[in-house]
Amino acid sequence: MGRALIIGAGGVASVVVHKCCQNNDVFEEICIASRTKSKCDALKESVKQYKTKVTTAQVDANNVPELVALIKEYKPQIVINVALPYQDLTIMDACLETKVDYLDTANYEPEDTAKFEYKWQWAYREKFEKAGITAVLGSGFDPGVTGVFSAYALKHQFDEINYIDILDANAGDHGYPFATNFNPEINIREVSAKGSYIENGKWIETEPMEIKRVYDFPEIGEKDMYLLHHEELESLALNIKGIKRIRFFMTFSQNYLTHLKCLENVAMTSIEPIDYEGKKIVPLQFLKAVLPDPASLGPRTKGKTNIGCIFIGNKDGKEKHYYLYNVCDHEECYKEVGSQAISYTTGVPAMIGAMMLLTGKWKKPGVYNVEEFDPDPYMDALNKWGLPWNESFTPNLVE
Ligand code: NDP
């Protein structure tokens, strides 16, 4: 049926490639294009047992003319951006120029300021609408499935949702003293930033890791979790009517936080370039180079993730509580696609979002977040493609 261009060849891209190949009826042909072509070729080799026709290409996704040339040559119906958030705008520009649909898993972030928000990508709304092409923003797990969960809860369980708590727990153990589960630079920028949440239409800022709660997660048990700023708060507060408060919590072990504090204290997490032996280097980028590659964690990681949303709202005049979540097992993911659960829980929804576009279910010209589409076909696809969801009507609430 379709032809997709996948940009990036890292941990998440690897899962997207495997899942597209498993879904050969929809993804008949894919091209894997990234900065380092050898990584694309290795990925191609890892899916050679499937029917999908796979090609590879070298591309610098910061360079619009290069992207345009590749898109014109390959003629995909969709570009799946699983490179880094820094490349979102150049890839969107190339999609506009060639009139091809676009999908990503993380919102744009300028490389020199650790601040991510949707304003840069939402500014493309009119241009995409006029060009008759669709951009789906943030189709990973969080953002992504958390937005689809919210749209589904509103459609089927509530008249109005007033409170959402998004809980992201990873009880995986990779055996290293310190490593990040996805791109270390993006991950450390996210967790060392100030926290924030939205209450009554206003952002409330907190110090990094200032708000801590303990939660007893289904299938994982009790974990410490910390309030973080997260990108879907911004779009969900706008798109889910009636929201009074929305927060995001992620679990971290004391060991992870102690390492992070040490690295911060010695300025290794800084994104300010410094002079080193006559060369400018960014400490965080250097740190990324010495930390374990997230793609290498797959064979070592044991345990489960649990990511979901707790909703409080009203149905037929009565207060109602509802918890939607997915539990994913690191070792099962590795057995299936050769990646750990963090890449898996991001890559599967990216494939599903692309399938929604290719099959016309989510086709509407403009730039949209996932919660702005019909959640039902996506929710069915989650069950079918490896991320089945669970629901509870009596969840423990977060204080
Ligand atoms: P990786 O670092 O493993 O992979 C990134 C890939 O992008 C690498 O192959 C890299 O190439 C490539 N790349 C970087 N810059 C360029 C460029 N200028 N031109 C072409 N290719 C480039 O990251 P992950 O796979 O872990 O993450 C991918 C994306 O997924 C990120 O945007 C991340 O924020 C997002 N994500 C979203 C989540 C969600 O739930 N929504 C959760 C986790 C991640 P090279 O190999 O040469 O370095």
Side-chain angles (χ1 to χ4, degrees), residues 5-18 31-43 56-67 70 79-91 94 103-109 111 114 116 118 121 136-149 166 168 170 179-191 228 230-233 235 248 250 284-285 288-289 291-298 305 307-308 326 328 337 339-353 369-370 387:
L5 171 63
I6 298 166
I7 302 188
V12 175
S14 169
V15 177
V16 174
V17 167
H18 276 84
C31 174
I32 313 163
S34 189
R35 184 164 54 189
T36 314
K37 185 160 178 293
S38 57
K39 288 195 189 170
C40 306
D41 293 335
L43 258 180
T56 62
Q58 199 276 330
V59 76
D60 175 4
N62 290 321
N63 183 320
V64 179
E66 255 187 52
L67 286 165
L70 175 64
V79 175
I80 304 174
N81 168 15
V82 276
L84 297 179
Y86 315 135
Q87 280 88 48
D88 288 3
L89 301 187
T90 44
I91 299 177
L103 175 135
D104 67 28
T105 64
N107 68 6
Y108 175 69
E109 181 174 340
E111 214 161 341
F116 47 90
Y118 279 115
Q121 291 181 279
V136 175
L137 305 184
S139 187
F141 206 107
D142 43 345
V145 177
T146 50
V148 175
F149 279 177
I166 301 168
D168 179 331
N170 179 10
T180 62
N181 294 299
F182 69 98
N183 185 289
E185 190 183 334
I186 306 294
N187 181 238
I188 290 174
R189 278 165 75 122
E190 180 176 287
V191 303
L228 293 187
H230 222 248
E231 60 196 70
E232 66 264 55
L233 303 182
S235 72
F248 180 97
M250 191 177 269
L284 181 55
Q285 286 172 0
K288 172 182 187 268
L291 284 176
D293 177 357
S296 72
L297 301 179
T305 61
I307 320 176
N326 162 264
C328 197
V337 298
S339 300
Q340 34 82 353
I342 305 299
S343 302
Y344 191 89
T345 53
T346 310
V348 172
M351 181 283 284
I352 292 174
N369 293 86
V370 290
L387 294 176

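First listed ligand is number 1; within each ligand, the first listed atom is number 1.
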Keeping Thr56 on the side-chain end and Ile32 on the backbone end, is there a donor-acceptor pair under 3.5 Å?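 Absent.
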Check: Gln87 main-chain N/O paired with Thr90 side-chain donor or acceptor under 3.5 Å: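 Between the backbone of Gln87 and the side chain of Thr90 there is a qualifying donor-acceptor contact (under 3.5 Å).
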If we only count heavy atoms from C-beta on, is the Phe182 to Val12 side-chain gap below 4.5 Å? no
Between the CG atom in Asp88 and the CG atom in Asn81, the distance rounded to the nearest 0.5 Å is 5.0 Å
To the nearest 0.5 angstrom, please state how far the CG atom of Leu43 sits from the CD1 atom of Ile6. 8.5 Å
Yes or no on side-chain contact (heavy atoms from CB on, under 4.5 Å) for Ile342 and Thr305, after CA distance, side-chain angles and deciding distance? CA-CA 8 Å; Ile342 305 299; Thr305 61; 3.9 Å; yes
Under 4.0 Å, heavy-atom basis, I'd like to know which part of [X] is in contact with ligand 1: side chain, backbone, both or neither.
| X | result |
| --- | --- |
| Ala106 | side chain |
| Lys39 | side chain |
| Val12 | both |

Does any N/O atom on [X] come nearer than 3.5 Å to any N/O atom on ligand 1?
| X | result |
| --- | --- |
| Gly11 | yes |
| Ile186 | no |
| Ala13 | no |
| Ile342 | no |
| Gly10 | yes |
| Pro143 | yes |

Mind telling me whether Phe149 and Phe141 have parallel, tilted or perpendicular rings, with 30° and 60° as the class edges? perpendicular
Would you mind listing which atoms of ligand 1 come within a distance below 4.0 Å of any non-hydrogen atom of [X]?
| X | answer |
| --- | --- |
| Asp60 | 17 (C), 18 (N), 19 (N) |
| Val59 | 19 (N), 20 (C) |
| Ala9 | 6 (C), 8 (C), 9 (O) |
| Val82 | 28 (C) |
| Ala83 | 7 (O), 28 (C), 29 (C), 31 (C), 32 (O) |
| Thr36 | 45 (P), 46 (O), 47 (O) |
| Phe141 | 39 (C), 40 (O), 41 (N) |

Check [X] against [Y] and note the closest heavy-atom contact, atom names and distance.
| X | Y | result |
| --- | --- | --- |
| Ala350 | Thr105 | CB-CG2, 3.9 Å |
| Ser343 | Gly11 | CB-O, 3.4 Å |
| Gly138 | Val370 | O-CG1, 3.8 Å |
| Arg189 | Leu284 | CG-CD2, 3.6 Å |
| Lys288 | Asn183 | CE-ND2, 3.3 Å |
| Thr146 | Glu232 | OG1-OE2, 3.0 Å |

Nearest neighbour in protein (non-hydrogen) for [atom]:
| atom | value |
| --- | --- |
| atom 2 (O) of ligand 1 | Asn183 ND2, 2.7 Å |
| atom 38 (C) of ligand 1 | Thr346 CG2, 3.3 Å |
| atom 5 (C) of ligand 1 | Leu84 CD2, 3.8 Å |
| atom 22 (C) of ligand 1 | Arg35 CB, 3.9 Å |
| atom 12 (C) of ligand 1 | Ser34 OG, 3.5 Å |
| atom 17 (C) of ligand 1 | Ala61 N, 3.6 Å |

Does at least one non-hydrogen atom of Pro85 fall below 4.0 angstrom from an atom of ligand 1?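 Within the 4.0 Å threshold, so yes.
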